Structure formats: structure tokens, C-alpha cells
> 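Take a look at this one; I'll ask things after.
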Amino acid sequence: MKLVIITAIKAFEKEIIQHLKKAKVETFSYKEVIGYKDNTEVAIESNWFSSEMNKTESLLFYAFVKKENVDVLFAHINEFNAKQKTHSHIHIAVLKIEKSN
């Protein structure tokens with residue numbers, strides 16, 4: 001088993017759930033979170049209307065996924081991200097589980 005963590009803007013909620021289903025991830029949890037982006041390094045001329053710290057309504061998904069389904073999930077999310085015309089993407093990470101009960 002692997003622990004998969006997915007973060008994205010709230011607008012991608014339905015798409016993430018579809019990707020999880022396609023990868024045969026039957027059980028998962030998620031929570032609404034606030035994402036922050038530090039724009040202090042962005043040039044003033046390209047960031048006229050923003051404050052230094054931008055908040056975004058985001059989601060944090062997590063699931064214990066069978067090893068063989070992890071690559072399938074990554075493939076679906078990478079395909080989705082490649083088609084995005086926005087700066088936002090779905091972010092995914094996988095962690096090895098040393099021990100579980």
C-alpha cells in the first residue's frame with residue numbers, strides 16, 4: 001500500500017474524484033483547506049491587483065492505494081494537467097507506508 005496525497009483548487013473536486021474511481025481507488029478522504037501562495041517575488045508589473053499572500057479555496061485528498069493502482073492514478077492526473085490552460089494543476093505525491101495496522 002502507498003499513501004497518496006492530492007492537492008488542488010476546489011474547482012477540480014469532481015475531476016479528482018473521477019480520476020480516483022478510474023484508478024480503482026474505492027476509499028479516500030478529503031478535506032477543504034486554504035492554500036497560500038507567496039507572491040512577494042513576483043514583479044509588481046505582472047501582479048498589479050494581488051496582495052503578497054494569495055489565498056485559494058483548495059482540497060486535500062488522501063488515500064491508501066494499492067501499489068499497482070498508483071501509476072494508473074498518476075497517468076490520469078498527468079493527462080488532465082497536460083490539457084489545462086490555467087496555471088492551476090492537480091498536485092499528487094505518493095509516500096511509502098513502512099507499517100500500518
Side-chain angles (χ1 to χ4, degrees):
M1 294 293 265
K2 303 282 186 174
L3 175 60
V4 173
I5 298 176
I6 300 171
T7 61
I9 60 173
K10 188 170 174 60
F12 292 156
E13 179 177 358
K14 288 180 184 177
E15 289 84 355
I16 294 169
I17 292 170
Q18 287 174 351
H19 296 312
L20 289 164
K21 286 181 180 180
K22 287 179 189 175
K24 298 189 183 342
V25 178
E26 297 169 355
T27 305
F28 60 88
S29 299
Y30 78 97
K31 181 164 180 55
E32 293 183 8
V33 296
I34 301 295
Y36 285 89
K37 182 175 182 179
D38 183 358
N39 285 324
T40 55
E41 299 297 319
V42 178
I44 294 287
E45 57 273 1
S46 67
N47 193 22
W48 287 13
F49 303 109
S50 297
S51 65
E52 290 180 359
M53 289 296 284
N54 288 333
K55 292 196 296 188
T56 305
E57 290 184 14
S58 301
L59 298 170
L60 171 69
F61 284 79
Y62 46 99
F64 291 100
V65 179
K66 291 179 183 174
K67 206 176 191 180
E68 59 270 16
N69 296 350
V70 171
D71 288 337
V72 175
L73 182 57
F74 265 83
H76 285 296
I77 289 176
N78 287 336
E79 182 181 334
F80 175 84
N81 285 340
K83 294 177 184 176
Q84 287 309 302
K85 294 177 181 166
T86 64
H87 290 291
S88 264
H89 288 92
I90 297 172
H91 304 280
I92 183 169
V94 63
L95 304 168
K96 182 179 176 183
I97 304 299
E98 296 293 329
K99 200 181 258 191
S100 67
N101 189 1

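Treat the numbers as computed from the prediction; the structure is a model and nothing was measured. Quick note: residue numbers are just sequence positions, from 1.
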> Just checking E57: does its CD atom have more than 12 heavy atoms from other residues, nucleotides or ligands closer to it than 6.0 angstrom?
no
> Looking at CD1 of I16 and NZ of K21, how far apart are the two atoms once the value is rounded to the nearest 0.5 Å?
13.5 Å
> Can you list the residues that meet the side chain to side chain donor-acceptor pair (under 3.5 Å) rule with K10, with sequence neighbours excluded?
E32
> Would you call V94 and F74 a side-chain contact if the rule is heavy atoms closer than 4.5 Å?
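Yes - at least one pair of side-chain heavy atoms lies under 4.5 Å apart.
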> Given V65 and F28, is the side chain to side chain contact (heavy atoms under 4.5 Å, CB included) satisfied, shown in steps?
CA-CA 9 Å; V65 179; F28 60 88; over 6 Å; no
> Going by the rule side chain to side chain donor-acceptor pair (under 3.5 Å), which residues pair with E98 if we only count those two or more places apart in sequence or in a different chain?
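So E98 forms no side chain to side chain donor-acceptor pair (under 3.5 Å) with any residue.
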> Who passes ring pair (Phe, Tyr, Trp, His ring centres under 6.0 Å) against F80, sequence neighbours left out?
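Residues passing ring pair (Phe, Tyr, Trp, His ring centres under 6.0 Å) with F80: F12, H19.
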> Show which residues join V72 in its hydrophobic cluster (side-chain heavy-atom contacts under 4.5 Å, direct or indirect), or state none.
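Besides V72, the cluster holds no residue at all.
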> With sequence neighbours left out, write down each residue that passes ring pair (Phe, Tyr, Trp, His ring centres under 6.0 Å) with Y30, or none if nothing qualifies.
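Applying ring pair (Phe, Tyr, Trp, His ring centres under 6.0 Å) to Y30 gives F61.
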> Scan residues 58-75 for pairs that pass salt bridge (charged side-chain N to carboxylate O under 4.0 Å, His left out), counting only residues two or more places apart or in two chains.
none
> Could I get the full list of side chain to side chain contact (heavy atoms under 4.5 Å, CB included) partners for L60, not counting sequence neighbours?
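Residues passing side chain to side chain contact (heavy atoms under 4.5 Å, CB included) with L60: I5, T7, V33, Y62.
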> If hydrophobic clusters are built from ILVMFWY residues whose side chains come within less than 4.5 Å, do L59 and L3 share one?
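Cluster IDs for L59 and L3 differ.
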> Quick one: do M1 and L95 end up in the same hydrophobic cluster if we chain Ile, Leu, Val, Met, Phe, Trp and Tyr together by side-chain heavy atoms under 4.5 Å apart?
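In one cluster with M1: L95, yes.
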> In the structure I gave you, are the side-chain heavy atoms of F64 and I97 within less than 4.5 Å of one another anywhere?
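In contact.
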> Does a side-chain heavy-atom distance below 4.5 Å link I77 with I6?
yes
> Sorted by first residue and then second, give each side-chain hydrogen bond (donor to acceptor under 3.5 Å, both in side chains) pair with at least one member in residues 73-90; sequence neighbours left out.
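side-chain hydrogen bond (donor to acceptor under 3.5 Å, both in side chains) check on residues 73-90 returns E79-K83.
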> How close do G35 and S58 get, heavy atom to heavy atom, and via which atoms?
N-OG, 3.6 Å
> Start with the C-alpha distance between T56 and I34, add both sets of side-chain angles, then the distance that settles side chain to side chain contact (heavy atoms under 4.5 Å, CB included), and finish with yes or no.
CA-CA 6 Å; T56 305; I34 301 295; over 6 Å; no
> For K24, what residues pass the side chain to side chain contact (heavy atoms under 4.5 Å, CB included) criterion, not counting sequence neighbours?
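Counting only residues at least two positions away or on another chain, K24 forms a side chain to side chain contact (heavy atoms under 4.5 Å, CB included) with N69.
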